[in-house]
Amino acid sequence: MIDKQHLINRFIKYVTVDTESDPESNTTPSTAKQWDLAKALVEELKAIGLQEVTIDENAYIMATLPSNIDEDVPVIGFVSHFDTTPDFTGANVKPQIIENYDGGDIVLHKDNNIILSPKDFDDLLQYKGQTLITTDGTTLLGADDKAGIAEIVSAMEYLVQHPEVKHGKIRVGFTPDEEIGRGAHKFDVEKFGADWAYTMDGSQIGELEYENFNAAGAVVTVKGKIVHPGYAKGKMVNSMYIATDYINSLPRMETPEHTEDRQGFFHLYSINGEVDGTKMQYIIRDHDKGHFEARKEMMVKLADELNTQFEKEVITIEIKDQYFNMREKIEPVMHIVDIAEEAMRQAGIKPNIKPIRGGTDGSQLSFMGLPCPNIFAGGHNFHGRYEYVPVESMLKAIEVIVNIAQLIPQKK
């Protein structure tokens with residue numbers, strides 16, 4: 001369908017542009033370097049023949065592939081994000097191409113002894129004989145979600161070049177800052193004008209997701225009292241000890257490293273402490289809305305209980321909701337999931353329908369009026385040095401996009 005080397009070249013062109021986002025920034029996009037790829041994408045969309053190609057002041061990109069049929073059918077969209085996570089550096093990405101993977105260890109960086117091994121990542125064994133694109137061990141790869149962008153652009157290019165493939169109007173959207181939870185914040189759903197869309201932002205081949213975590217962020221601040229340690233009896237209040245009590249009072253087994261599937265968690269991802277003050281940052285996740293609310297309530301009550309041990313408030317907590325489970329918005333329109341499932345089967349792929357243990361632009365877009373399930377983009381081990389993507393999975397994702405486009409007129 002799409003020339004394999006052409007796809008590889010396109011993907012590598014994208015991932016070698018640093019687009020790391022920054023959660024501490026108040027601008028959109030959060031980093032100026034995201035504009036580098038955004039502007040290049042605009043020109044590429046024009047070059048492959050799409051129409052109504054626009055980019056707004058916040059770097060949100062939209063484009064149209066016009067319908068090539070006379071009948072009136074729903075307008076669908078495909079969405080991906082071009083930023084990469086700040087969890088691990090995305091600067092100076094040096095992709096490695098492993099052809100005809102033999103199922104053994106892959107040396108990412110010889111000098112630093114960084115090995116991508118099926119002993120640690122057994123999913124690798126699914127891809128024996130295929131072409132893998134990996135990192136050099138010093139950066140992430142950026143398949144999250146530049147694989148999705150490469151797939152959407154390639155599918156649109158194919159449809160432009162093959163007018164015999166009949167489809168309705170298709171809209172394309174690329175967003176900044178998804179990795180810091182803001183990818184959909186300034187997305188103009190009305191301007192996009194689709195009846196529904198699909199994010200190409202999942203992981204391994206076959207994934208099809210329409211439910212995700214309910215999510216919140218919590219900042220827990222502990223105020224201590226610093227005095228000379230030689231004269232501290234009855235006076236010093238060490239905020240780090242109180243913070244430790246708080247941490248240990250939450251369910252220890254309800255953390256990311258001990259949970260899976262639909263199990264929720266509390267995740268302490270940052271702590272900065274001194275005697276005089278400690279700041280802890282948590283994320284709270286649960287697929288079940290009732291359990292999600294109970295987790296937030298537990299954190300507040302724990303702070304209140306610890307405060308009763310002191311004459312004044314020493315612990316404060318601020319909780320902000322981030323996004324919600326899109327399942328409630330997708331279930332009333334489940335035919336859009338059924339279409340994606342059929343498109344996968346037509347491509348010889350067994351759909352793997354499962355909940356997302358995270359979030360996606362699609363969850364926020366669904367609550368903004370654009371139902372938006374998530375489809376695999378093919379990558380593995382996102383957000384770190386062991387990230388890789390099988391090229392054959394990307395080719396299959398392109399085939400799924402094309403199949404969805406053809407199915408819409410048939411499903412009218």
Side-chain angles (χ1 to χ4, degrees), residues 1-3 6-7 10 41-42 44-54 61-80 145 147-175 187 189-202 205 208 210 330 333-349 351 361-362 365-366 369-378 393-412:
M1 177 176 288
I2 293 289
D3 179 73
H6 182 52
L7 175 61
R10 172 171 279 148
L41 286 169
V42 167
E44 186 173 13
L45 292 172
K46 292 176 181 177
I48 67 171
L50 296 195
Q51 299 181 16
E52 301 173 333
V53 181
T54 63
I61 300 167
M62 296 182 184
T64 298
L65 177 64
S67 172
N68 63 3
I69 58 176
D70 293 330
E71 56 188 306
D72 185 20
V73 299
V75 177
I76 63 168
F78 294 95
V79 178
S80 289
D145 189 26
I149 293 177
E151 292 153 7
I152 293 171
V153 173
S154 297
M156 295 305 106
E157 183 178 39
Y158 177 85
L159 291 170
V160 169
Q161 294 175 354
H162 293 80
E164 72 276 9
V165 179
K166 300 305 178 183
H167 57 82
K169 181 179 178 180
I170 299 174
R171 291 283 277 163
V172 169
F174 299 143
T175 73
F187 190 97
V189 169
E190 183 177 356
K191 177 184 174 183
F192 195 59
D195 292 283
W196 71 84
Y198 301 94
T199 48
M200 302 299 298
D201 194 18
I205 188 168
L208 174 57
Y210 64 90
I330 301 297
V333 289
M334 275 297 291
H335 65 282
I336 71 178
V337 176
D338 296 339
I339 288 170
E341 187 173 357
E342 184 174 345
M344 288 188 189
R345 294 190 187 281
Q346 288 182 354
I349 300 167
D361 277 345
L365 291 171
S366 294
L370 181 68
C372 201
N374 191 40
I375 294 174
F376 72 91
S393 295
M394 295 174 66
L395 289 167
K396 281 295 185 181
I398 294 168
E399 189 175 347
V400 169
I401 294 171
V402 172
N403 288 349
I404 290 173
Q406 293 181 90
L407 281 168
I408 300 304
Q410 300 172 21
K411 297 295 182 180
K412 182 183 176 185

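Sequence positions, counted from 1, serve as the residue numbers for this chain.
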Looking at [atom1] of [X] and [atom2] of [Y], how far apart are the two atoms once the value is rounded to the nearest 0.5 Å?
{"X": "N403", "Y": "Q346", "atom1": "CG", "atom2": "CD", "result": "5.0 Å"}
{"X": "E151", "Y": "M394", "atom1": "CD", "atom2": "CE", "result": "5.0 Å"}
{"X": "R345", "Y": "I349", "atom1": "CZ", "atom2": "CD1", "result": "11.0 Å"}
{"X": "L208", "Y": "N374", "atom1": "CG", "atom2": "CG", "result": "8.5 Å"}
{"X": "L370", "Y": "E190", "atom1": "CG", "atom2": "CD", "result": "12.5 Å"}

Evaluate side chain to side chain contact (heavy atoms under 4.5 Å, CB included) for T54 paired with K191, printing each intermediate quantity in order.
CA-CA 11 Å; T54 63; K191 177 184 174 183; 3.3 Å; yes
Check whether any side-chain heavy atom of [X] lies under 4.5 Å from a side-chain heavy atom of [Y], and answer yes or no.
{"X": "L407", "Y": "E342", "result": "yes"}
{"X": "V153", "Y": "F174", "result": "yes"}
{"X": "V402", "Y": "Y158", "result": "yes"}
{"X": "I401", "Y": "I375", "result": "no"}
{"X": "F192", "Y": "L365", "result": "no"}
{"X": "V172", "Y": "L65", "result": "no"}
{"X": "K169", "Y": "T64", "result": "yes"}
{"X": "F376", "Y": "D201", "result": "no"}

Salt-bridge criterion met for K396 and E399 (N-O under 4.0 Å):
yes
If every non-hydrogen atom of [X] is compared with every non-hydrogen atom of [Y], which pair is closest and at what distance?
{"X": "G77", "Y": "A194", "value": "N-CB, 4.0 Å"}
{"X": "L395", "Y": "I2", "value": "CD2-O, 3.7 Å"}
{"X": "A377", "Y": "A147", "value": "O-CB, 3.8 Å"}
{"X": "A63", "Y": "V53", "value": "CB-CG2, 3.9 Å"}
{"X": "S366", "Y": "C372", "value": "OG-N, 3.1 Å"}

By ring-ring contact (aromatic ring centres under 6.0 Å, His included), which residues pair with F78, not counting sequence neighbours?
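Checked F78 against ring-ring contact (aromatic ring centres under 6.0 Å, His included); matches are Y198.
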Side chain to side chain contact (heavy atoms under 4.5 Å, CB included) between M62 and E52, worked out:
CA-CA 8 Å; M62 296 182 184; E52 301 173 333; over 6 Å; no
Donor-acceptor pair, side chain of S67 and main chain of I69, under 3.5 angstrom
yes
Taking S154 for its side chain and L7 for its backbone only, find out whether a donor-acceptor pair lies under 3.5 Å.
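Not confirmed, S154 side chain does not pair with L7 backbone.
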Which residues satisfy the side-chain contact (heavy atoms from CB on, under 4.5 Å) test with [X], sequence neighbours excluded?
{"X": "D70", "result": "none"}
{"X": "Q161", "result": "E157"}
{"X": "N68", "result": "K166, H167"}

Applying side chain to side chain contact (heavy atoms under 4.5 Å, CB included) to K46 and Q51, what does each step give before you reach the verdict?
CA-CA 7 Å; K46 292 176 181 177; Q51 299 181 16; over 6 Å; no
Examine the side chains of D361 and T199 and answer whether a donor and an acceptor come within less than 3.5 Å of each other.
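T199 and D361 do not have a side-chain donor-acceptor pair below 3.5 Å.
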Could you check I76, L50, V75 and say which one makes a side chain to side chain contact (heavy atoms under 4.5 Å, CB included) with R171?
V75
Holding to side-chain hydrogen bond (donor to acceptor under 3.5 Å, both in side chains), I want the full list of residues that pass it with S80, two or more places apart in sequence or in another chain.
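So S80 forms a side-chain hydrogen bond (donor to acceptor under 3.5 Å, both in side chains) with D145.
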Quick one: side-chain hydrogen bond (donor to acceptor under 3.5 Å, both in side chains) partners of S393, sequence neighbours excluded?
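Residues passing side-chain hydrogen bond (donor to acceptor under 3.5 Å, both in side chains) with S393: none at all.
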